[in-house]
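Numbering of residues begins at 1 and proceeds along the displayed sequence. These values consider heavy atoms only, across backbone and side chains, with no hydrogens, waters or symmetry-generated copies.
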Amino acid sequence: IDENLIIQKISSLDMNIFSKKGDKIYNITSPNSLYDKVKLELNLEKTTISIFDGKVIKHIIKSDSSKLRDNNEVLELTGNVELRTLNKESDLLYGDYLFWNIKDTKYELIGNVRFENKNIKLNSNRALLDSSNIIEFFNPVKYIIKDENNENKYEINSENAYYNLNTESVSFKSKDK
């Protein structure tokens, strides 16, 4: 790193972010990144983020690029965003863009949002995942049940849908019947 430059290049970044109590919140890695000393933001390529719940990794997020700003409290990921939950079936949530305000522990995915696991597929343009482990999918939502051969068994369209990661259940909400 050249300290006299406004933009600093960092190769092979591996950074841990901790809470004020000393608990690890997340780890972020990138093969290439740029730090803007004026804007105080970090621009990363091929980002991999491991999010911790205590000492256990709860989610892994990957993207083509990302931006860490606002004193390491806001993370924006763009391009082929993949959020993987580390449960027994490894649920996958995809999107074009992910916004994460670290203080709120809410993840917002926008654009071509798709959730998949061994049983279902949910498609939407926007989804929210919060600390309650419920993913809220916004209008319009397409819900597909898979059969034992991983083929589409049947399909439901709805205004909104909610998937509970803990109970592996889905519910629908609509203003109309």
Side-chain angles (χ1 to χ4, degrees), residues 10 12-33 41-138 141 143-144 146 150 160-173:
I10 303 170
S12 225
L13 176 77
D14 188 356
M15 179 171 66
N16 293 312
I17 303 296
F18 294 89
S19 71
K20 290 180 181 177
K21 295 178 184 176
D23 300 322
K24 188 187 286 189
I25 301 170
Y26 65 93
N27 168 271
I28 188 166
T29 60
S30 170
N32 298 305
S33 57
E41 67 183 27
L42 194 58
N43 294 291
L44 306 118
E45 294 178 8
K46 299 189 187 318
T47 312
T48 301
I49 301 165
S50 299
I51 300 168
F52 289 82
D53 184 14
K55 295 184 184 219
V56 178
I57 296 175
K58 184 176 182 177
H59 302 294
I60 294 177
I61 307 173
K62 294 182 179 187
S63 71
D64 292 341
S65 63
S66 65
K67 185 182 296 185
L68 183 61
R69 59 182 176 83
D70 297 345
N71 199 26
N72 297 335
E73 292 181 1
V74 173
L75 191 58
E76 297 176 57
L77 296 101
T78 53
N80 298 312
V81 177
E82 175 186 297
L83 188 149
R84 178 181 300 268
T85 62
L86 296 183
N87 62 10
K88 57 187 175 286
E89 268 99 48
S90 194
D91 300 324
L92 293 168
L93 188 58
Y94 301 96
D96 294 335
Y97 172 84
L98 183 137
F99 179 84
W100 178 28
N101 184 334
I102 295 156
K103 283 184 178 178
D104 294 340
T105 61
K106 288 185 183 176
Y107 311 96
E108 180 178 18
L109 278 110
I110 300 170
N112 299 313
V113 176
R114 187 176 84 243
F115 173 80
E116 288 186 34
N117 66 16
K118 70 176 187 169
N119 299 315
I120 67 166
K121 287 184 195 176
L122 277 159
N123 296 308
S124 177
N125 284 323
R126 182 172 168 246
L128 270 176
L129 170 62
D130 62 20
S131 58
S132 66
N133 276 342
I134 294 176
I135 306 170
E136 181 178 1
F137 296 89
F138 294 90
V141 177
Y143 171 68
I144 300 169
K146 299 178 193 177
N150 203 26
N160 289 10
Y162 301 85
Y163 185 79
N164 188 322
L165 292 168
N166 296 330
T167 62
E168 297 181 5
S169 63
V170 67
S171 60
F172 301 95
K173 190 173 185 180

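S65 is linked by a side-chain contact (heavy atoms from CB on, under 4.5 Å) to T78, counting only residues two or more places apart in sequence or in another chain. The side-chain contact (heavy atoms from CB on, under 4.5 Å) test applied to D96 returns N112, not counting sequence neighbours. With sequence neighbours excluded, no residue forms a side chain to side chain donor-acceptor pair (under 3.5 Å) with Y26. Partners of D104 by side-chain contact (heavy atoms from CB on, under 4.5 Å), not counting sequence neighbours, listed by chain and number: N101, K106. Remark: Y162 engages I134, E136, N160, S171, K173 in a side-chain contact (heavy atoms from CB on, under 4.5 Å) (not counting sequence neighbours).
Under the side-chain contact (heavy atoms from CB on, under 4.5 Å) test applied with I135, the options L165, V170, T85 reduce to a single match, L165.
Considering only heavy atoms from C-beta on, R69 comes within 4.5 Å of E76 through its side chain. Between T47 and L75 there is no side-chain heavy-atom pair separated by less than 4.5 Å. A heavy-atom distance below 4.5 Å is found between the side chains of V113 and F137. Counting only heavy atoms from C-beta outward, the side chains of L129 and H59 approach each other to under 4.5 Å.
S124 contributes a side-chain N or O that, together with a main-chain N or O of F138, makes up a donor-acceptor pair within less than 3.5 Å. Between the side chain of D130 and the backbone N or O of S132 there is at least one donor-acceptor pair closer than 3.5 Å.
Going from atom CD of E82 over to atom OG1 of T48 covers 9.5 Å, rounded to the nearest 0.5 Å. D14 contributes atom CG, which lies 6.0 Å from atom OG1 of T29 (distance to the nearest 0.5 angstrom). Once rounded to the nearest 0.5 Å, the distance linking CD1 of I57 with CG of N27 reads 8.0 Å.
What you find for S33 and L13 is that their closest heavy atoms are OG-CB, 3.9 Å. Considering all non-hydrogen atoms of both residues, I102 and V74 come closest at CD1-N, 4.2 Å. Taking each heavy atom of N32 and S30 in turn, the nearest pair found is O-OG, 2.7 Å.
Residue pairs satisfying the salt bridge (charged side-chain N to carboxylate O under 4.0 Å, His left out) criterion with at least one member in residues 41-54, sequence neighbours excluded, are listed as follows: E41-K67.
Defined by atom type and a distance below 3.5 Å, a donor-acceptor pair is present between the side-chain atoms of Y163 and N117.
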